[in-house]
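Below: the structure, in structure tokens.
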Amino acid sequence: MRIIESPTFSIQMKKYAHLFASLAKSRSLVYGFVIAALGTFLITNSMHEINFSVVTRLLIAVYAIALASYVYNDLTDQKIDRRNGKKSSEIPREMYGPTRNYVIFFFVLSNILTFSINWQTGLADSLAIALAIVYSHPRTHLKDKFILKTAITGGGGFIASIMGSLAVGNVPPLAFVSSFTVFLFYFLLGPLGDITDMKGDKEAGRRTIPIVLGIPRSFLFMILVTLFIGSMIFTSYLTFGLNIIAMILGLMVCSYAIKQIRTVSKNFSNKEKMNKTRTILRFSFFGIQLVLMCGTLLSSVI
């Protein structure tokens, strides 16, 4: 018996495929969460044989929840994003329904995959979903609250990262340090983005770090956060057995990040320069993760 494909069904599938490609392309930031989870997975797993089934489910789940969180935030932020000129976040009105369906699908998918690993990872995933909803939902809108906006975003990064350890079954000190570093990095990336979005945020009545502290103090705050990350790396060398080479490289990355923050603080009105600095700091975060991962492996071998 020959199955005749419905033209309407085919059109709908193509529409959803095109929408997914568009969402995935414009929200490339979500890969940071995936790399964070992979980093702590490798730190925790150390020299043991990798369970590829577990790591595959973990990375797909983290990508799904991160993408769903960003897209859900974009759905509730359309007016403010237009004021700030964020064309990459704009969603055509006729695509609101399909986009909402994707958000629900990815939240459910991530939960199914993480609970299939173990209950600890599934519970962490459920907490991340709850944070994403209360952060963006119109009734709670915690992203409008001072500090909470950045703290919850960083908290989501921390949970995504710690899920890498939970998937293995334990959380060693260096994995916790790595995850907490992810949390702190959002106190660098968040204020930089908020400075470029100050116009729309002020009109919306939001209390972001740059609006409350002012721009000069916000840059000072970012430098202090970076120094704290450096102190965590040094403490990890003294207390948790981080290899000395990894410690030196980690401090070098922090020094480079501080240099970039100081440079852009003199030209913060240049939106292109600010976005470039955010990209550099994002790669600095990847560098810290790589340093901690290599430090763990070196400590196991030497």
Side-chain angles (χ1 to χ4, degrees), residues 31-52 54-59 61-63 65-66 114 117-125 127-128 151 153-189 224-258 281-302:
Y31 292 108
F33 293 89
V34 177
I35 292 172
L38 178 61
T40 50
F41 178 89
L42 294 175
I43 289 171
T44 306
N45 201 67
S46 190
M47 299 297 291
H48 297 98
E49 185 178 349
I50 294 175
N51 186 324
F52 287 100
V54 169
V55 76
T56 300
R57 281 177 282 165
L58 169 72
L59 299 184
V62 171
Y63 178 82
I65 189 175
T114 51
I117 297 171
N118 56 46
W119 69 267
Q120 297 97 323
T121 312
L123 192 62
D125 181 78
L127 178 58
T153 307
F158 174 85
I159 294 172
S161 181
I162 211 73
M163 281 166 62
S165 285
L166 294 174
V168 178
N170 66 302
V171 183
L174 278 178
F176 183 85
V177 170
S178 177
S179 298
F180 195 60
T181 300
V182 175
F183 172 78
L184 291 173
F185 254 96
Y186 281 94
F187 283 88
L188 306 180
L189 301 176
L224 292 175
V225 169
T226 310
L227 288 172
F228 185 70
I229 292 172
S231 70
M232 287 174 56
I233 293 171
F234 185 67
T235 302
S236 297
Y237 162 69
L238 294 176
T239 311
F240 304 134
L242 181 68
N243 184 273
I244 188 170
I245 297 173
M247 183 269 289
I248 292 170
L249 290 174
L251 294 180
M252 288 175 64
V253 173
C254 290
S255 299
Y256 180 71
I258 289 174
L281 290 179
R282 200 171 292 117
F283 280 108
S284 297
F285 144 67
F286 297 152
I288 294 291
Q289 285 260 299
L290 184 62
V291 162
L292 291 172
M293 182 181 69
C294 292
T296 303
L297 296 176
L298 286 171
S299 298
S300 302
V301 173
I302 298 174

Inset, instruction - Could you tell me whether the side chain of F185 reaches within less than 4.5 Å of the side chain of I229, counting heavy atoms only? - result: yes
Would you mind writing out the side-chain donor-acceptor pairs for residues 283-293 within the sub-3.5 Å range, not counting sequence neighbours?
unit_1 : atom_1 : unit_2 : atom_2 : d
S284   : OG     : I280   : O      : 3.0
Q289   : NE2    : S178   : OG     : 2.3

Legend entry - Over all atoms of both residues, closest heavy-atom pair of C254 and I233: SG-CD1, 4.0 Å
Legend entry - Nearest-0.5 Å distance that lies between atom CG in L58 and atom CD1 in I117: 5.0 Å
Inset, instruction - Could you note down all residue pairs passing ring-ring contact (aromatic ring centres under 6.0 Å, His included) where residues 159-184 supplies at least one of them, sequence neighbours left out? - result: F158-F176, F180-F183, F183-F187
Legend entry - L174 CG to T40 OG1 distance, which is reported to the nearest 0.5 Å: 11.5 Å
Legend entry - Partner residues of F234 under the ring pair (Phe, Tyr, Trp, His ring centres under 6.0 Å) criterion, sequence neighbours left out: none
Legend entry - Side chains of M252 and L249 in contact at under 4.5 Å (non-hydrogen atoms): yes
Inset, instruction - Can you measure from CD (Q120) to OG1 (T114) and round to the nearest 0.5 angstrom? - result: 11.0 Å
Legend entry - Sequence neighbours excluded, every pair satisfying side-chain hydrogen bond (donor to acceptor under 3.5 Å, both in side chains) that has a member inside residues 247-258: Y256-Q260
Inset, instruction - Answer whether the closest heavy-atom distance between the side chains of V55 and F52 falls below 4.5 Å. - result: yes
Legend entry - Contact list for residues 156-172, test side-chain hydrogen bond (donor to acceptor under 3.5 Å, both in side chains), sequence neighbours left out: T44-S165, S161-S179
Inset, instruction - If a pair satisfies side-chain hydrogen bond (donor to acceptor under 3.5 Å, both in side chains) and one of its residues is in residues 226-238, list it, with sequence neighbours excluded. - result: none
Inset, instruction - Take V168 and V54, measure what side chain to side chain contact (heavy atoms under 4.5 Å, CB included) needs, and give me the verdict at the end. - result: CA-CA 8 Å; V168 178; V54 169; over 6 Å; no
Legend entry - Minimum heavy-atom distance L189-R282, with the two atoms named: CD2-N, 4.1 Å
Inset, instruction - Find out whether T121 and R57 are in side-chain contact, i.e. whether some heavy atom of one side chain is under 4.5 Å from a heavy atom of the other. - result: no
Inset, instruction - Please name the pair of heavy atoms, one in F33 and one in A160, separated by the smallest distance, quoted to 0.1 Å. - result: CD2-CB, 3.8 Å
Legend entry - Non-hydrogen atoms of L242 and A246 that approach each other most closely: CD1-CB, 3.9 Å
Legend entry - Distance-minimising heavy-atom pair for I162 and V171: CD1-CG1, 3.5 Å
Inset, instruction - Might you point out which heavy atoms bring G230 and L251 nearest each other, and give the distance in Å? - result: O-CD2, 3.4 Å
